[in-house]
Amino acid sequence: MSAPKKICILGSGNWGSAIAKIVGNNVTKFDKFDNEVKMYVYEEMVEGKKLTEIINTTHENVKYLPGKKLPENVVAVPDVLDAAKDADVLIFVIPHQFIKRICQPLVGNLKPSTVGISLIKGFDTKEGGGFTLISYLIRDQLNIPVSVLMGANLAGEVADEKFCETTIGCRDIQVGRMYRDLIQTDYFRVVVVDDVEAVEVCGALKNIVASGAGFVDGLGYGDNTKAAIIRLGLMEMIKFCEVFYPGSKLGTFFESCGVADLITTCYGGRNRRVAEAFVRSGKSIEELEKEMLNGQKLQGPYTAAEVNFMLKTKNMEDRFPLFTAIHQICLGDLTPAAMIDCIRNHPEHMPPNCFKIAMVTSSDIKG
């Protein structure tokens, strides 16, 4: 019988802490997992005390997930190498801007059999042009196989044990089953699919669309207008996968990682909230991020910039007018009111697309 697998969570924001709550409870239910879960925590001082010490004594992340108890077998560790070096499974759940810095100390210091799963939503821009998926970045830096988890999973609701679904993208059936055992609960249901790239791309792109939904809210438009943003955003998400990740399956967009996550984020996520405040307050995205997110990072504007970088290098901005307009509004190159002009004049509303049968066809997706 093989030794129990050691689990390490890299990240301790609200989402990382919510996952730690699930994983800490689940490892005790299976002999195949070691009962201790290490969680890398960026060390901060909170009311004169180290955050790691607070977590390890009170079993609560008082800064990022206050009021929710973590299992006592979740151990906060301030050094990333100490947390991860003996792990068999690494769960990555940190802002994507920091992934290179976090991975660097781990290069060459992991077990040969280590596997990883990324819960990180975003892209990484490459020097000289283009971008890469975060799972690819982790895979290439650490030389380990990396799966992904994306879904309609607002951290606070997950921590409150309110029912939700999630999607794991994993090509290895046995590893996918292991992740399901590690993460699934009666209130957090897991579906495993092998369309890894589409699962991850959905998780990144929906944050751009949510920023557009927030602009519409800030302008005072209603749910009908927001529904148009969501629909057009979904069409651009599908088209983006067809262009940059050919072979993606349409069905993946109807899993939790796709339309469900998109709807949830456009109504309840931080990207929507900050984008609404951007319109109403006149403050910059950077100012609002500091004021509203308690040290957490905003993904929508950063992802919009990364996507625009890729679209511009391929002269494809006009094929993705919603993504392009959201990026330009975040930069201040367009006013938020331009959001309405964008959806009013979107190619989806222009002939011949205004006369369509009521179903999505392959020509619609690839057009």
Between Ser118 and Ser135 (side chain of the first, backbone of the second, donor and acceptor by atom type, cut-off under 3.5 Å), is there such a pair? no

Report yes or no: do Leu232 and Val201 belong to one cluster of Ile/Leu/Val/Met/Phe/Trp/Tyr joined by side chain heavy-atom distances under 4.5 Å? yes

Please report the C-alpha distance between His96 and Glu306 in whole Å, then the side-chain angles of each, then the deciding distance to 0.1 Å, and finally whether the side chain to side chain contact (heavy atoms under 4.5 Å, CB included) criterion is met. CA-CA 12 Å; His96 77 278; Glu306 290 159 349; 2.8 Å; yes

Backbone N or O of Met150 within a donor-acceptor pair of the Thr166 side chain at under 3.5 Å? yes

Measure across Cys257 and Cys202 and return the closest heavy-atom pair with its distance rounded to 0.1 Å. O-CB, 3.2 Å

Restricting to pairs with a member in residues 205-219, which pass side-chain hydrogen bond (donor to acceptor under 3.5 Å, both in side chains), not counting sequence neighbours? Lys206-Thr265, Asn207-Asn271, Asp217-Lys226, Asp217-Arg272

Shortest non-hydrogen contact from Lys21 toward Tyr187: NZ-OH, 4.2 Å

Below 4.5 Å, heavy atoms only, C-beta onward: do Asn153 and Asp261 meet side chain to side chain? no

Identify all side-chain donor-acceptor contacts of residues 71-78 below 3.5 Å with residues at least two apart in sequence or on another chain.
unit_1, atom_1, unit_2, atom_2, d
Asn73, ND2, Gly24, O, 2.9
Asn73, ND2, Asn35, O, 2.6

Single-linkage hydrophobic cluster Met178~Ile144, side-chain heavy atoms < 4.5 angstrom: no

As an exercise, state the distance from CE of Met292 to CD1 of Ile285, rounded to the nearest 0.5 Å. 10.0 Å

Say whether Thr52 and Glu43, considering side chains only, have a donor N or O and an acceptor N or O under 3.5 Å apart. yes

Residue pairs fulfilling salt bridge (charged side-chain N to carboxylate O under 4.0 Å, His left out) with at least one residue in residues 88-117, sequence neighbours excluded: Asp88-Lys111, Lys100-Asp124

Quick check: do Glu317 and His327 have side-chain heavy atoms less than 4.5 Å from each other? no

So with a 6.0 Å cut-off around OH of Tyr42, is the heavy-atom count from everything else above 12? no

Has Lys290 got more than 12 heavy atoms of other residues, nucleotides or ligands less than 6.0 Å from its NZ? no

Same cluster or not: are Phe98 and Val148 linked, directly or through other Ile, Leu, Val, Met, Phe, Trp or Tyr residues, by side-chain heavy atoms under 4.5 angstrom apart? no

Should we count CG of Asp341 as having more than 12 external heavy atoms under 6.0 Å? yes

Glu200-Tyr245 side chain donor-acceptor pair, cut-off 3.5 Å: no

Report all side-chain donor-acceptor pairs from residues 6-14 shorter than 3.5 Å, counting only partners two or more places apart or in another chain.
unit_1, atom_1, unit_2, atom_2, d
Asn14, OD1, Arg270, NH2, 3.4

So with a 6.0 Å cut-off around CG of Asn224, is the heavy-atom count from everything else above 12? no

Would you say the side chain of His346 lies within less than 4.5 Å of the side chain of Glu236, judging by non-hydrogen atoms? yes

Check the hydrophobic clustering (I, L, V, M, F, W, Y; side-chain heavy atoms under 4.5 Å; chains of links allowed) and say if Ile117 and Phe92 are grouped together. no

Atom OG of Ser248 and atom CD1 of Ile238: how far apart are they, to the nearest 0.5 Å? 10.5 Å

Between Glu255 and Val191, what is the shortest heavy-atom contact and its length? OE1-CG1, 3.9 Å

Mind checking whether Leu331 and Tyr302 sit in one hydrophobic cluster, side chains of I, L, V, M, F, W, Y counted as touching below 4.5 Å? no

Backbone N or O of Met310 within a donor-acceptor pair of the Thr313 side chain at under 3.5 Å? yes

CZ (Arg177) and SG (Cys170) are apart, to the nearest 0.5 Å, by 11.0 Å

Residues Lys249 and Asp194 bridged, charged N to O under 4.0 Å: yes

Taking C-beta and beyond as the side chain, do Met339 and Ile229 meet within less than 4.5 Å on heavy atoms? yes

Looking at Asn61 and Tyr64, what are the two nearest heavy atoms and their distance? OD1-N, 3.1 Å

Interatomic spacing from CG in Leu311 to NZ in Lys314 - rounded to 0.5 Å: 10.0 Å

Any non-hydrogen side-chain atom of Cys241 less than 4.5 Å from a side-chain atom of Glu197? no

Report, as yes or no, whether the 6.0 Å neighbourhood of atom CG on Asn315 holds more than 12 heavy atoms from other residues, nucleotides or ligands. no

Within a strict 4.5 Å, meaning less than it, do heavy atoms of the Arg189 and Arg180 side chains meet? no

Can you check whether Gly67's main-chain N or O pairs, donor with acceptor, with Glu60's side chain at less than 3.5 Å? yes

Check whether any side-chain heavy atom of Lys49 sits under 4.5 Å from a side-chain heavy atom of Val46, and report yes or no. no

Nearest non-hydrogen partners of Val192 and Gly176, listed with the distance: CG2-O, 3.9 Å

Check whether any side-chain heavy atom of Asn308 sits under 4.5 Å from a side-chain heavy atom of Phe323, and report yes or no. no

Take Val23 and Phe33 through the side chain to side chain contact (heavy atoms under 4.5 Å, CB included) test and state the conclusion after the steps. CA-CA 10 Å; Val23 171; Phe33 299 123; over 6 Å; no

If you round to the nearest 0.5 Å, how far is CG of Leu322 from CD1 of Ile343? 8.0 Å

Tyr179 (side chain) donor-acceptor with Gln184 (main chain) under 3.5 angstrom: no

Show the numbers, then the answer: is there a side chain to side chain contact (heavy atoms under 4.5 Å, CB included) between Ile55 and Met39? CA-CA 10 Å; Ile55 292 173; Met39 179 172 69; 4.2 Å; yes

Between Glu47 and Lys63, does at least one N-O distance fall below 4.0 Å, as a salt bridge requires? no

Any donor-acceptor pair under 3.5 Å linking the side chain of His59 with the backbone of Lys69? no

Check step by step if side chain to side chain contact (heavy atoms under 4.5 Å, CB included) holds for Val209 and Cys266. CA-CA 7 Å; Val209 185; Cys266 286; 4.0 Å; yes

All heavy atoms of Lys38 vs all of Ala83, minimum pair found to be CD-O, 3.5 Å

Between Ile22, Thr185, Leu65, which is the residue that forms a side-chain contact (heavy atoms from CB on, under 4.5 Å) with Val158? Ile22

How long is the gap from OH on Tyr40 to CG on Asp82, to the nearest 0.5 Å? 11.0 Å

Phe278: what forms a ring-ring contact (aromatic ring centres under 6.0 Å, His included) with it, not counting sequence neighbours? Phe215

Between the main-chain N or O of Pro4 and the side-chain N or O of Asp34, is there a donor-acceptor pair closer than 3.5 Å? no

Steps toward salt bridge (Lys or Arg N to Asp or Glu O under 4.0 Å) verdict (Glu161, Lys68): CA-CA 11 Å; Glu161 302 186 4; Lys68 311 299 178 188; over 6 Å; no

Contacts of type ring-ring contact (aromatic ring centres under 6.0 Å, His included), residue Phe244, not counting sequence neighbours: Phe240

